[in-house]
Amino acid sequence: MTDDQGEMMRRRIVAANWKMNMTSDEAGAFINTIREGINGKEAEVHIIPPFVDIAVVKDALKGTDILVGAQNMYYEDKGAFTGEISADMLTCLGVHSVVIGHSERRNIFSEDDEMINLKVKKALEKGLVPILCCGESLDTREAGKVSEWINAQIESAFSGISAQDAVKCIIAYEPIWAIGTGKVATTDQAQEVCLLIREKIKELYGSETAEDIHILYGGSVKADNCKELFECPDIDGGLVGGASLKPEFVDIVNA
Ligand code: PEP
């Protein structure tokens with residue numbers, strides 16, 4: 001896609017993180033209600049259901065250009081890792097992308113930066129698109145340490161990853177204080193941190209990678225606030241939690 005000056009433009013991406021919601025029966029029925037509304041749009045749409053719903057969702061999306069993602073994966077190939085899911089298991093189901101380092105994984109399940117880096121590397125090795133999440137807590141923001149925190153998260157997640165691979169990743173900036181709270185970041189706050197992330201990528205990999213990489217905003221995105229967020233120059237779309245479980249998701253994709 002190019003703009004009026006013939007410059008390459010980044011494609012818009014809207015990703016639906018269902019978290020631990022929807023049985024497979026509910027998932028199939030919900031996809032049938034939103035399928036036509038989200039298919040064939042300019043935006044690239046990723047539906048990211050719980051693991052056990054992936055096959056049903058894939059089936060319900062047959063014949064569309066909508067992509068299916070996973071919410072997590074483990075970085076080992078196989079073995080004695082009870083309860084974990086490997087990258088090969090995901091690709092075998094036709095999964096396109098995988099969320100890595102969501103703040104709920106970091107905070108509730110104690111995933112650290114080192115593990116997140118290993119997961120990003122494994123996802124890339126297996127041909128999955130990592131949707132790498134980063135974001136600060138309210139305490140970090142109030143202490144004036146947002147840039148320090150985000151830069152450290154990005155540096156660590158991309159450690160040992162080439163520019164050629166880095167550009168395949170999608171980064172989601174999700175301020176923890178805005179996730180599921182109804183408290184959306186202002187467009188200025190969201191744009192400021194997404195720009196900061198792009199500048200960090202430029203420092204690590206150069207301007208071409210920084211210009212091409214996709215950066216999303218996530219945190220209480222809804223139909224009535226998404227348009228102005230998506231219009232910010234460094235925000236290429238959204239990672240949507242709560243609102244992706246409702247018919248409202250169609251309006252977000254259309255925005
Ligand atoms: C998320 O958890 O990825 C998210 C953005 O959630 P919500 O939209 O509900 O804040």
Side-chain angles (χ1 to χ4, degrees), residues 12-22 26-27 30 34 38 43-51 53-54 57 67-73 95-111 116 119-120 123 128-138 140-141 146 149-150 153-154 157 169-187 189-191 193-194 197 214-230 232 234-255:
R12 300 279 133 175
I13 298 174
V14 182
N17 176 15
W18 286 3
K19 311 195 186 192
M20 196 176 74
N21 293 291
M22 303 260 196
E26 290 166 345
F30 180 65
I34 61 164
I38 61 175
E44 178 177 297
V45 181
H46 299 229
I47 301 290
I48 310 179
F51 292 129
D53 296 346
I54 287 174
V57 168
L67 303 167
V68 176
Q71 297 177 17
N72 187 25
M73 53 161 258
V95 167
H96 174 85
S97 52
V98 57
V99 175
I100 295 177
H102 191 282
S103 60
E104 287 151 17
R105 299 295 321 170
R106 293 179 192 256
N107 296 336
I108 305 171
F109 301 100
S110 306
E111 292 194 9
I116 287 158
K119 289 185 176 193
V120 173
L128 289 162
V129 171
I131 301 180
L132 169 76
C133 300
C134 61
E136 80 288 355
S137 66
L138 194 56
T140 303
R141 177 162 282 271
V146 177
W149 181 266
I150 298 289
Q153 281 190 325
I154 296 294
C169 298
I170 297 169
I171 302 173
Y173 167 55
E174 299 209 306
I176 299 168
W177 47 271
I179 295 181
T181 58
K183 241 191 238 174
V184 64
T186 65
T187 49
Q189 286 170 325
Q191 162 58 23
V193 181
C194 290
I197 294 169
H214 288 84
I215 304 177
L216 313 182
Y217 167 79
S220 298
V221 171
K222 305 225 165 12
D224 62 8
N225 61 26
C226 62
K227 201 166 186 300
E228 52 175 347
L229 285 161
F230 296 171
C232 293
D234 288 290
I235 300 179
D236 304 316
L239 179 55
V240 187
S244 73
L245 299 163
K246 303 179 193 154
E248 172 185 3
F249 184 64
V250 173
D251 301 325
I252 298 175
V253 171
N254 284 321

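Counting starts at 1 for both ligands and their atoms, in listed order. Position 1 is the first residue of the sequence; numbering continues from there. Hydrogens, waters and symmetry mates are skipped; everything else that's a heavy atom, side chains included, is used.
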Does [X] use its side chain to pair, donor to acceptor, with the backbone of [Y] at less than 3.5 Å?
X	Y	result
Y217	A185	yes
Q71	V99	no
R12	A255	no
E111	R105	no
K119	M73	yes

At a 4.0 Å threshold, what atoms of ligand 1 neighbour a non-hydrogen atom of [X]?
X	answer
S220	7 (P), 8 (O), 10 (O)
N17	1 (C), 2 (O), 3 (O)
L239	3 (O), 5 (C)
G242	7 (P), 8 (O), 9 (O)
G219	5 (C), 10 (O)

Query raised in the report: With backbone taken as N, CA, C and O and side chain as the heavy atoms from C-beta onward, which portion of A178 lies under 4.0 Å from ligand 1: side chain, backbone, both, or neither?
Result: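 Looking at A178 and ligand 1, just backbone atoms fall under 4.0 Å.
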Report task. Only heavy atoms count here, so choose which of E174, Q71, H102, K19 is nearest to atom 5 (C) of ligand 1. Result ->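 Answer by nearest heavy atom: E174.
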Query - Shortest heavy-atom approach to atom 4 (C) of ligand 1 - which of G180, A172, G241, G218 - result: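 Closest candidate by heavy-atom distance is G241.
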Report task. Taking atom types as modelled, find out whether E174 and H102 have a side-chain donor-acceptor pair closer than 3.5 angstrom. Result ->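 There is such a pair (donor and acceptor under 3.5 Å, judged by atom type) between the side chains of E174 and H102.
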